[in-house]
Amino acid sequence: MDNAMQPEDTPELRALYQGFKDNHLNPLWTQTGDLMPLHPRPKAVPHVWRWADLLPLAERSGELVPVGRGGERRAIGLANPGLGGRAYVSPTLWAAIQYLCPGENAPEHRHAQNAFRFVVEGEGVWTVVDGDPVRMSRGDLLLTPGWRFHGHHNVATEPMAWIDGLDIPFSQQMDVGFFEFGSERVTDNATPNYSQGERLWCHPGLRPLSHLQDTVSSPIGAYRWEFTDQALTQQLLLEDEGMPATVEQGHAAIRYVNPTTGGDVMPTIRCEFHRLRAGAETPERREVGSTVFQVFEGQGAVVMGGETHRLEKGDMFVIPSWVPWSLQAETQFDLFRFSDAPIMERLNFMRTAVEGQ
């Protein structure tokens with residue numbers, strides 16, 4: 001929005017502007033286009049990180065960088081090329097690859113920021129959340145809501161890598177962050193098949209009467225791949241049997257939810273999983289807010305801002321606010337997705353435009 005009605009440049013006007021500068025003031029009429037654009041103009045850019053590049057760098061970090069108190073985690077943040085080198089995948093979201101070698105323990109701590117982990121491959125690591133050991137396996141979504149003590153330990157003979165997602169950039173810009181070191185004890189090496197949260201909450205359609213109070217974040221520590229896979233498979237089978245497509249033709253999707261409210265698993269982050277049949281395509285869409293995908297299995301492509309990027313297992317990509325995007329599947333194409341949609345919806349900023357609708 002360019003304002004052509006600017007006053008004539010005079011010595012008096014320059015003196016006025018110098019007075020503004022001296023008193024830390026800025027006149028709105030010279031900045032309207034920056035402050036109130038006609039549509040979002042993100043500084044973040046669409047970008048793809050290749051798993052074939054990420055994993056070797058994480059492995060090399062495992063050889064050179066110890067895990068322990070102070071550094072806390074061997075996590076490598078994805079830095080959006082448009083955001084000046086900060087380890088922000090978008091203005092609101094953090095994404096990282098974390099790597100833990102056999103026998104290692106990442107020490108216990110807690111922070112105000114909400115976090116999750118998603119496992120694209122590997123077994124053998126347990127995350128302990130407020131004393132509850134949670135198994136981490138391929139395809140699982142693990143939650144660490146804000147201000148929960150958590151640590152990780154690898155009891156396997158092989159290293160393991162996974163992705164972390166947090167709302168660090170949002171919390172940092174809002175100045176709401178707190179951090180606290182946990183116990184110096186070695187993280188509990190208990191390795192149960194199912195965590196306490198799963199045993200209590202993961203029974204379809206049933207809620208324990210001993211826990212009737214709603215919680216801001218989901219009380220489930222792990223959303224298991226076997227159930228995600230079954231849900232996606234059944235959606236596509238029902239489509240074959242004549243039920244109208246749940247999203248688009250050949251596209252099944254689920255949202256991970258908080259069983260106490262039916263809402264998102266955490267107040268600032270939405271998590272989903274998408275499956276496209278071989279040959280399926282999604283219509284082009286634009287959304288306010290930012291989204292990150294990781295390819296779980298299969299081959300395909302994403303088109304972002306008119307540029308096509310071919311994708312394989314493990315590849316990650318970010319879609320900034322209001323950038324047009326669509327997906328194309330070569331084989332069956334499975335993708336994990338997380339976004340800042342709960343923030344945008346709660347603040348009434350959310351807007352979506354889909355081609356043909």
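The first residue of the sequence shown is numbered 1, and numbering continues consecutively from there.
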**Study point:** Listed partners of Glu241 passing side-chain contact (heavy atoms from CB on, under 4.5 Å), at least two apart
**Key:** Leu238
Check your understanding: For residues 145-162, which residue pairs qualify under salt bridge (charged side-chain N to carboxylate O under 4.0 Å, His left out), counting only residues two or more places apart or in two chains?
Key -> Asp130-Arg148
Check your understanding: Going through the checks in order, is the side chain to side chain donor-acceptor pair (under 3.5 Å) test met by Asp214 and Thr261?
Key -> CA-CA 6 Å; Asp214 291 349; Thr261 64; over 6 Å; no
**Study point:** Non-neighbouring partners of Trp162 that pass ring pair (Phe, Tyr, Trp, His ring centres under 6.0 Å), sequence neighbours left out
**Key:** His152
Only distances under 3.5 Å count here; give the side-chain donor-acceptor pairs of residues 319-329 to other protein atoms, sequence neighbours excluded, each with its distance to 0.1 Å.
| residue | atom | partner | partner atom | Å |
| --- | --- | --- | --- | --- |
| Ser321 | OG | Gly289 | N | 3.1 |
| Trp325 | NE1 | Glu287 | OE1 | 3.4 |

Practice item. State which residue, out of Asp340, Asn114, Thr92, Val176, fulfils the side chain to side chain contact (heavy atoms under 4.5 Å, CB included) condition with Phe170. Key: Thr92
Check your understanding: So which pairs with a foot in residues 316-327 pass salt bridge (charged side-chain N to carboxylate O under 4.0 Å, His left out), sequence neighbours left out?
Key -> none
Check your understanding: Considering residues at least two apart in sequence or located in another chain, which fulfil the ring pair (Phe, Tyr, Trp, His ring centres under 6.0 Å) criterion with Phe333?
Key -> none
Review point. Are any side-chain N or O atoms of Thr291 and backbone N or O atoms of Ser339, one a donor and one an acceptor, separated by less than 3.5 Å?
Key: no
Review point. Does a donor on one side chain and an acceptor on the other come within less than 3.5 Å for Thr282 and Glu248?
Key: no
Check your understanding: Taking the side chain from Asp315 and the backbone from Arg50, do they hold a donor-acceptor pair closer than 3.5 Å?
Key -> no
Point to revise | Partners meeting salt bridge (charged side-chain N to carboxylate O under 4.0 Å, His left out) with Asp9 (sequence neighbours left out) | key: Arg14
Check your understanding: Glu297 pairs by side-chain hydrogen bond (donor to acceptor under 3.5 Å, both in side chains) with which of Gln332, Arg275, Arg138?
Key -> Arg138
Point to revise | Counterpart residues, ring pair (Phe, Tyr, Trp, His ring centres under 6.0 Å), relative to Phe116 (two or more places apart) | key: Phe336, Phe338
Study note, to complete from the structure: Applying side-chain contact (heavy atoms from CB on, under 4.5 Å) to Leu212 and not counting sequence neighbours gives Arg207, Leu209
Check your understanding: Under 3.5 Å, is there a donor-acceptor pair linking the side chains of Gln294 and Trp49?
Key -> no
Review point. Between Phe273 and Trp225, is the gap from one ring center to the other below 6.0 Å?
Key: yes
Exercise for review: Please list all pairs passing the side-chain hydrogen bond (donor to acceptor under 3.5 Å, both in side chains) test where one or both residues lie in residues 341-355, with sequence neighbours left out.
Suggested key: Arg270-Glu345
Review point. Tell me the side-chain hydrogen bond (donor to acceptor under 3.5 Å, both in side chains) pairs involving residues 194-204, sequence neighbours left out?
Key: Ser195-Glu198, Glu198-Arg224
Enumerate donor-acceptor pairs with a distance under 3.5 Å from any side-chain N or O in residues 67-80 to protein atoms, sequence neighbours excluded.
| residue | atom | partner | partner atom | Å |
| --- | --- | --- | --- | --- |
| Arg69 | NE | Glu184 | OE2 | 3.3 |
| Arg69 | NH1 | Glu72 | OE1 | 2.9 |
| Arg69 | NH1 | Glu72 | OE2 | 3.1 |
| Arg69 | NH1 | Glu108 | O | 3.1 |
| Arg69 | NH2 | Glu108 | O | 3.3 |
| Arg69 | NH2 | Gly182 | O | 3.4 |
| Arg69 | NH2 | Ser183 | O | 3.3 |
| Glu72 | OE1 | His109 | ND1 | 2.8 |
| Glu72 | OE2 | Gly70 | N | 2.9 |
| Arg73 | NH1 | Pro107 | O | 2.7 |
| Arg73 | NH2 | Pro107 | O | 3.1 |
| Arg73 | NH2 | His109 | NE2 | 3.3 |
| Arg73 | NH2 | His150 | O | 3.0 |
| Arg74 | NE | Ser61 | O | 3.4 |
| Arg74 | NE | Val65 | O | 2.9 |
| Arg74 | NH1 | Tyr99 | O | 2.9 |
| Arg74 | NH1 | Glu104 | OE1 | 2.9 |
| Arg74 | NH2 | Val65 | O | 2.7 |
| Arg74 | NH2 | Glu104 | OE1 | 3.4 |
| Arg74 | NH2 | Glu104 | OE2 | 2.9 |
| Asn80 | OD1 | Val45 | N | 3.0 |
| Asn80 | OD1 | Gly82 | N | 2.9 |
| Asn80 | ND2 | Val45 | O | 3.0 |
| Asn80 | ND2 | Val89 | O | 3.1 |

